[in-house]
Structure formats: C-alpha cells, structure tokens
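Some notes on the structure that comes next.
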Amino acid sequence: MICKKYFIIPAVLLSLIFSSCGSVMLSGIGSQTSHSTRAGSFMPNDVRLNLTMDDFQFLGTQEVSASYKKYFGLFTIFNSINNQEVAKRNINIVNLFGTSNLPVKLDGTMMRALHIALVNVPDADFVVPVSIITEKQQMFLGSVVTKKLKVKMYKVKEK
C-alpha cells in the first residue's frame, strides 16, 4: 500500500510534465513556431551639413592672457587674467564644445581668460583657438606661468 503512494505521485507529475499542457514548462518539449522577416530602419546612418568659409562672417581676432603662480605642481594662485586683478569670488568659465582634436589644447586657466573675449564679441557663434604662447619661469618648488591665447571669432551668416 505504501509503495503505491510513492509511485502514484511521481507518475502524475511525469505525465503532467510530458503532456501538452506541460510543454510550456519545458522549452525543449512541444512545438514552437517562429517567423523571420526583413527589417530595416528609415533613420539615416549619416547626416551631413556641408559648410564653407563663405557661410561664416569673420568678427575679429581676440587675444586673452592669464598669469599665475604654481606651487608644488598642485596649487595655483592667479596673479591676473587679461591684465586685470583676479576676483576670487567671481569665476567665469567658458566651455567650448566640438571635436577635441584641435592642435591647441585649452586648460582651465585659458577657459577663464576666454570669457572676456565672448563678452567683447557677444555675436560670436564659433571660437577658433589659433595659437597659445606659454612663458614659464622656474622658481624653487614652483613656477610663474604666463599664457597668451589668440582666438578668431566667427558668426554664421543669415540668409
């Protein structure tokens, strides 16, 4: 009598697993239907805007500068930005966006100095760094650095 109980429960479970209703539980047993078709996206892979120098208006050239002392290679104390005393509470920084493969790399000091160029020419749409001159005087455990940046300012012509 006890043996029949132990055989009936597993038999019922096996018949449930291998029946058509149980095929949902085991993905390898039963029938599956799948259908494949081509799919495509109507989104373009490339979007190109062709601009030439005729599409821009030259607004002028600006030169900005920053002078600072660097101690132990870590601490920076500004002497002047654009030949004016540095206001320690007012920090204006310009962030330039675009490709980072420009030959002129701008650091935080030049980003601070570049603010006055955009204030002088508020209509500028593009700022192109042309050259940077760095003068460095070594001191004991520090240095005095003066940087001068030349930028060209452009505006997109209205048609």
Passes side-chain contact (heavy atoms from CB on, under 4.5 Å), Val156 versus Asp55? Steps please. CA-CA 6 Å; Val156 178; Asp55 297 323; 5.6 Å; no

Candidate pair Tyr68 and Asn79, rule side-chain contact (heavy atoms from CB on, under 4.5 Å), full reasoning: CA-CA 5 Å; Tyr68 58 93; Asn79 294 335; 5.7 Å; no

Any chance you could lay out the side-chain contact (heavy atoms from CB on, under 4.5 Å) test for Leu149 and Leu106, step after step, and finish with the verdict? CA-CA 9 Å; Leu149 172 68; Leu106 300 181; 3.7 Å; yes

Evaluate the side-chain contact (heavy atoms from CB on, under 4.5 Å) criterion for residues Lys147 and Asp107: first the C-alpha distance (whole Å), next the side-chain angles of each, then the deciding distance (0.1 Å), finally the verdict. CA-CA 10 Å; Lys147 291 185 177 184; Asp107 57 358; 2.5 Å; yes

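The local environment of CZ in Phe58 is crowded, with over 12 non-hydrogen atoms from other residues, nucleotides or ligands closer than 6.0 Å. Other residues, nucleotides and ligands contribute over 12 non-hydrogen atoms within 6.0 Å of the CD atom of Gln138.
At a cut-off of 3.5 Å, with distance as the only test, a side-chain donor of Thr76 or Lys70 sits close to an acceptor on the other residue.
In this structure, Arg112 satisfies the cation-pi test against Phe78, with its NZ or CZ atom closer than 6.0 Å to the six-membered ring centre and inside 45 degrees of the ring normal.
Across every non-hydrogen atom of Val64 and Ala117, the tightest pair is CG1-CB, 4.0 Å. Nearest approach of Leu118 to Ala124, heavy atoms of both residues: CD2-CB, 4.4 Å. Minimum heavy-atom separation, Met111 to Val94: SD-O, 2.9 Å. For Met110 against Ser65, the heavy-atom pair with the smallest separation is CE-C, 4.3 Å. Heavy atoms only, all atoms of each residue included: Ser67 and Thr146 are closest at OG-OG1, 3.7 Å.
Judged by distance alone, the side chain of Lys148 and the main-chain N or O of Glu63 form no donor-acceptor pair under 3.5 Å. Using a distance-only test at 3.5 Å, with no hydrogens or angles considered, no donor-acceptor pair links the side chain of Asn92 to the main chain of His115.
If you chain together hydrophobic residues whose side chains sit under 4.5 Å apart, Ile93 and Leu96 fall into the same group. With hydrophobic clusters built from ILVMFWY side chains whose heavy atoms lie under 4.5 angstrom apart, Ile91 does not share a cluster with Ile77. Following chains of ILVMFWY side-chain contacts shorter than 4.5 Å, one can reach Leu74 starting from Met139, so the two form part of one hydrophobic cluster. Val145 and Phe140 fall into different hydrophobic clusters, where Ile, Leu, Val, Met, Phe, Trp and Tyr are joined by side-chain heavy atoms under 4.5 Å apart, directly or via other members.
In summary, Asp54 and Lys157 do not engage in a salt bridge, as defined by a charged side-chain N under 4.0 Å from a carboxylate O.
Between Leu59 and Tyr154, the closest side-chain pair of non-hydrogen atoms is not below 4.5 Å.
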